Enquirer: 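The structure's right below; bear with me while I get my questions together.
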Amino acid sequence: MKSNALEKFITGKSKVVIENGQLDIKQLKKLRLTIDQLEMRLRNQGVAKLEHVKSATIEPNGQLGYELKESEKPLTIGEFKNLMNLYFPHLAQQLENSPSSDTGTQKDLFQEINYPKTDTPRYLQ
């Protein structure tokens with residue numbers, strides 16, 4: 001049996017400290033968290049500027065959760081491929097048709113575990 005109310009009572013709720021890019025000073029005071037401490041936590045997460053954050057919460061376990069503004073989010077490989085297909089469709093087709101240069105040349109790191117060698121020197125066994 002699970003009770004959300006009981007779970008919230010025991011573990012607590014997340015506290016919003018930045019909403020729509022604006023600091024919630026009252027919430028920071030309640031949490032006894034200074035702006036410098038919040039900035040330090042954001043820097044540890046890789047956020048360069050406070051202005052880049054759309055929203056941030058302090059979780060019940062003390063961890064910082066955040067969401068970047070749309071203009072500050074990093075470009076994903078999927079988005080990059082879509083842009084390449086949009087602006088350079090002929091180049092994208094060439095890359096898909098050409099064989100990959102690094103496949104087959106490097107061993108799988110787990111190959112030795114899955115298929116152990118039988119010629120291992122005795123002093124290493």
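This one's a predicted model, so the numbers in the text were calculated from it and none came from an experiment.
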Enquirer: Step by step, would you call N44 with L64 a side chain to side chain contact (heavy atoms under 4.5 Å, CB included)?
Expert: CA-CA 10 Å; N44 286 336; L64 175 72; over 6 Å; no
Enquirer: Less than 4.0 Å between a side-chain N and a carboxylate O, is that true for K73 and E67?
Expert: yes
Enquirer: I want to check something: taking the side chain as every heavy atom from C-beta on, are I18 and D24 in contact at a cut-off of under 4.5 Å?
Expert: no
Enquirer: Just by distance, no angles: are the side chains of S14 and E59 close enough, under 3.5 Å, to form a donor-acceptor pair?
Expert: yes
Enquirer: A quick test of your reading: do over 12 heavy atoms of other residues, nucleotides or ligands sit less than 6.0 Å from CD1 of I77?
Expert: no
Enquirer: In terms of heavy-atom contacts, does NZ of K30 have more than 12 from other residues, nucleotides or ligands at under 6.0 Å?
Expert: no
Enquirer: Out of curiosity, L42 CG to H52 NE2, how far, rounded to the nearest 0.5 Å?
Expert: 11.5 Å
Enquirer: Is the closest side-chain heavy-atom distance between E39 and L50 below 4.5 Å?
Expert: yes
Enquirer: Measuring from atom NZ of K54 to atom OG of S71, what distance do you get when rounded to the nearest 0.5 angstrom?
Expert: 11.0 Å
Enquirer: Nearest 0.5 Å please: distance from the CD atom of Q45 over to the CG atom of L68.
Expert: 10.5 Å
Enquirer: Within the side chain of Y87, is there an N or O that forms a donor-acceptor pair under 3.5 Å with the backbone of N82?
Expert: no
Enquirer: Which distance, rounded to the nearest 0.5 Å, do you find between the CG of L33 and the CE of M40?
Expert: 8.0 Å
Enquirer: Supply the atom-to-atom distance K69 NZ to K49 NZ, rounded to the nearest 0.5 angstrom.
Expert: 11.0 Å
Enquirer: Looking at Q63, is its backbone amide N or carbonyl O close enough to the side chain of N61 to form a donor-acceptor pair, meaning the two atoms are under 3.5 Å apart?
Expert: yes
Enquirer: For the residue pair R41 and I58, establish whether any side-chain heavy-atom pair is separated by less than 4.5 Å.
Expert: yes
Enquirer: Side-chain contact test, heavy atoms from C-beta onward, threshold under 4.5 Å: evaluate it for T57 versus V17 and give yes or no.
Expert: no
Enquirer: Do L31 and I35 sit in the same hydrophobic cluster, where Ile, Leu, Val, Met, Phe, Trp and Tyr count as joined when their side-chain heavy atoms come under 4.5 Å apart?
Expert: yes
Enquirer: When rounded to the nearest 0.5 angstrom, what is the spacing between NZ in K15 and NZ in K13?
Expert: 6.5 Å
